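In this text the structure is predicted, and so the values were computed from the model without any measurement. To find a chain, count down the sequence lines: A is the first, B the second, and so on, and within it residues start at 1. Below, each value reflects all heavy atoms present in this structure, side chains not excepted, and no hydrogens, waters or symmetry copies.
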There are 2 protein chains.
Amino acid sequence: MNLKQLAKHLNLSPTTVSRALNGYPEVGAETRRRVEEAARKVGYRPNPHAMRLATGRSHAIGHVLPSDRILMIDPHFSDFIAGAGDVYSASGFDVMLHVGGSEAEETVYKRYAQSGAVDGVVVMGPRLNDFRIALLTELELPFIVHGRVGDLEEGYAWLDIDNRGAFRQATKLLTDLGHRRIGLINGNEAMTFATHRRQGYEIALKACGLNADPAIMTSDAMTEENGYLQTKRLLLSDNKPSALLFSSMLFVSGAMRAAHELGLQIGTDVSLIAHDDGLPFLNAEGLVPSLTTVRSSIRAAGSRVAELLIEIINNPEAAQPHELWTVDLIVRGSTGPVPRT
Amino acid sequence: MNLKQLAKHLNLSPTTVSRALNGYPEVGAETRRRVEEAARKVGYRPNPHAMRLATGRSHAIGHVLPSDRILMIDPHFSDFIAGAGDVYSASGFDVMLHVGGSEAEETVYKRYAQSGAVDGVVVMGPRLNDFRIALLTELELPFIVHGRVGDLEEGYAWLDIDNRGAFRQATKLLTDLGHRRIGLINGNEAMTFATHRRQGYEIALKACGLNADPAIMTSDAMTEENGYLQTKRLLLSDNKPSALLFSSMLFVSGAMRAAHELGLQIGTDVSLIAHDDGLPFLNAEGLVPSLTTVRSSIRAAGSRVAELLIEIINNPEAAQPHELWTVDLIVRGSTGPVPRT
DNA sequence: ATAAAAATCCAAAGCGCTTTGGAAAAAACA
DNA sequence: TGTTTTTTCCAAAGCGCTTTGGATTTTTAT
């Protein structure tokens, strides 16, 4: 059943029915009631394509997976989108996902902008210097960044967690425990989040008069295997670190494997802290010993990012939101004093 | 630039231009060439909303995440969609993702069907008895199932891997090695794939005159922690199994942790085999010892499912495709003969 | 040469909605 | 009471594309 039919059925014009349903003022209260009731009764749903064509708005949000991630669609992404999805469907937005393929990422955004296929996009996994900000600004396609682009804070909307603060805090916990040699197993530092984490780590070290040692710092794809390999390498090196900091729980799986293999007791022989995005399949608390983490739910971030983007779309004139979430340090069993040699 | 403008620019009617671009025969060869060239030069792209409204086809595929998975958007999903995404974008299809929210899953499908928001959907994570098959059939919304619905093989399109065969083979490898007590750490057996795996396991046991023992069989969410807990429980039980079979690599992470904790050597004290979906962040070969697996790339399945669905959409009269993929057994270091007690 | 068939192109009518610019009726004002 | 304002509704014109049903021209058949 379409608008015209519904209108005829009500002895009204399509105009009036459309207005009644969309909350326009120029329609009588009683008439509106009648229309709404009838619409509900017959289960009328406006054809989205027609609506989109007429209004130019799509009621859809685009998520374009960065091409440098398509070979490694990491599980962090799916949890983020799970959070966002809740909000989208509650607000009647569809989500349009673009992943991989031969089409250049840039082209996808251009197509989105030109065709009005989406009302806005969320930029995931921003790099230190990300071409997407300039591109989307020029295209005038509303967007929000999950994370930040290097240290750029103005000129675009973003929601980020305080990665620097988190790793500063985590590192400080370790130095407070007496650790002086702390390894960092980081994600790819072309990504802002990873660089921020390294910076937080360095700041805390400096606060103790320590210098970061590149020999015990790595920057790699966040996989179990890399966690294993790097941990093993570091723990077997001369002048090995007494504590390790990880950018992802995925690393930790491998790290524990390495520690066990080397016969090292976690929390006594070597201390471990990881950033925990709250991935549901990898529970830091369930590890033995339970893992000390800096924790921030990536899923909650997804929800909030979606909310903010919808606000931006509905009110483009408002100030661009900037949200920096603090990260909780949760001290558990994987951290302890430096072992005496 | 829209159709009308392009047409005027070419001194042609919109009709002809549209036909030239869409490959209709009633347009001269030279004219078509001119049109195509001009379209390319000015970067003309038909407005998708207008196209959709006019044709009733959306050129979009829907992926609706089952509501029983939204709390646990597992990483298997993101790899599947990564594979599918390649194909979609190569074929000019958009993907519409629906995850969670308050709207009932059924309503989403109805909305899709009634509004033509998508041309087809892929059904992920089918259960033994899945309401979606009847629903989508009735809605006449083209669909394909990744997996199967129990033992139902007709009446819908599907692509599945031979889970039964895989676990039969894996179990047989273990029995051939002399194992007589083999534990199964399975995913949720409400899902077809998990039930099939259990059946394969049971068939292989029966072939040796063994009966499956529920005491060493579990069916749970595929998380690291469950892998750990169940492995530990089984390996600490009286009459403990000498080998374990896992439905996911995620389990294995936890399982290795448990084995190490108990001081058991993998491949000698206890043998391990897992199903490996080829998740990029969890490499079976990189484990120590490297893991014997039954392997089938979930990403490749995603690609193929997408291809098949597009074929179905383009040619609804053709026979429904059924593809059963064999699964490779890759023997590595985590399996060995039964330890003598 | 003429008639029939084929090849090209176009005008116009949708697709189902929104929105502009009135018109008619009701209410408020003088 | 007559006039102005407000309220309530509608007709019609898009949005940008596809597609039907010709019209015109060219080719082929007779």
Practice prompt. Provide the full list of salt bridge (Lys or Arg N to Asp or Glu O under 4.0 Å) pairs with a residue in residues 314-324 of chain A, sequence neighbours left out, each pair given once.
Written response: A:Arg304-A:Glu323
Discussion item. Please list all pairs meeting salt bridge (Lys or Arg N to Asp or Glu O under 4.0 Å) that have one or both residues in residues 43-54 of chain A, counting only residues at least two apart or in different chains.
Written reply: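 Sorted result for residues 43-54 of chain A: A:Arg52-A:Asp94.
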Worksheet item: Run the salt bridge (charged side-chain N to carboxylate O under 4.0 Å, His left out) check on A:Glu30 and A:Arg33 step by step: do they pass?
Response: CA-CA 5 Å; A:Glu30 166 59 13; A:Arg33 207 197 49 70; 3.4 Å; yes
Item to complete: Mind running salt bridge (charged side-chain N to carboxylate O under 4.0 Å, His left out) on A:Arg132 and A:Glu105 for me, showing each step along the way?
Response: CA-CA 9 Å; A:Arg132 290 172 290 182; A:Glu105 209 180 325; 3.8 Å; yes
Worksheet entry | Derivation and outcome, salt bridge (charged side-chain N to carboxylate O under 4.0 Å, His left out), residues A:Lys110 and A:Glu106 | CA-CA 6 Å; A:Lys110 283 185 178 160; A:Glu106 188 174 334; 3.1 Å; yes
Answer yes or no: is there a side-chain heavy-atom contact under 4.5 Å between [X] and [Y]?
{"X": "B:Met124", "Y": "B:Leu65", "result": "yes"}
{"X": "A:Gln320", "Y": "A:Ile312", "result": "no"}
{"X": "B:Asp86", "Y": "B:Arg299", "result": "yes"}

Worksheet item: Is there any side chain to side chain donor-acceptor pair (under 3.5 Å) pair reaching into residues 4-14 of chain A, and which pairs are they, with sequence neighbours excluded?
Response: A:Ser13-A:Thr16
Item to complete: Under the side chain to side chain donor-acceptor pair (under 3.5 Å) rule, collect the residues that match up with B:Glu311, sequence neighbours excluded.
Response: none
Worksheet item: Passes side-chain hydrogen bond (donor to acceptor under 3.5 Å, both in side chains), B:Asp119 versus B:Ser58? Steps please.
Response: CA-CA 6 Å; B:Asp119 292 333; B:Ser58 63; 3.1 Å; yes
Worksheet item: Are the side chain of B:Asn22 and the backbone N or O of B:Ser18 linked by a donor-acceptor pair below 3.5 Å?
Response: yes
Worksheet item: Which angle, rounded to 10°, do you find between the first-five-pair axis and the last-five-pair axis of the helix from C:dT2-D:dA29 to C:dA30-D:dT1?
Response: 50°
Item to complete: Determine which pairs satisfy ring pair (Phe, Tyr, Trp, His ring centres under 6.0 Å) with at least one residue from residues 304-324 of chain A, sequence neighbours left out, and list them in order.
Response: A:Trp158-A:His322
Discussion item. Applying ring pair (Phe, Tyr, Trp, His ring centres under 6.0 Å) as the test, list every pair that has at least one member in residues 89-137 of chain B; sequence neighbours left out.
Written reply: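 Listed by first then second residue: B:His59-B:Phe93.
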Fill in: Range on DNA chain C touched by chain A - first to last nucleotide, heavy-atom distance under 4.0 Å
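On DNA chain C, the outermost contacted nucleotides are C:dG16 to C:dG21.
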Worksheet item: Considering only heavy atoms, which members of residues 49-59 of chain A lie under 4.0 Å from some atom of DNA chain D?
Response: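 Contacting residues: A:Leu53, A:Ala54.
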Practice prompt. For DNA chain D, determine which residues of residues 22-34 of chain B have any heavy atom closer than 4.0 angstrom to one of its atoms, and list them numerically.
Written response: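 Within residues 22-34 of chain B, the residues near DNA chain D are B:Asn22, B:Tyr24.
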Worksheet item: Does any residue of residues 12-20 of chain B have a heavy atom under 4.0 Å from DNA chain C, and if so, which ones, in number order?
Response: B:Leu12, B:Ser13, B:Thr15, B:Thr16, B:Arg19
Which pairs of donor and acceptor atoms, one on a side chain in residues 140-150 of chain A, lie under 3.5 Å apart (sequence neighbours left out)?
{"unit_1": "A:Arg148", "atom_1": "NE", "unit_2": "A:Asp160", "atom_2": "OD2", "d": "2.9"}
{"unit_1": "A:Arg148", "atom_1": "NH1", "unit_2": "A:Glu153", "atom_2": "OE2", "d": "2.7"}
{"unit_1": "A:Arg148", "atom_1": "NH2", "unit_2": "A:Asp160", "atom_2": "OD2", "d": "3.3"}

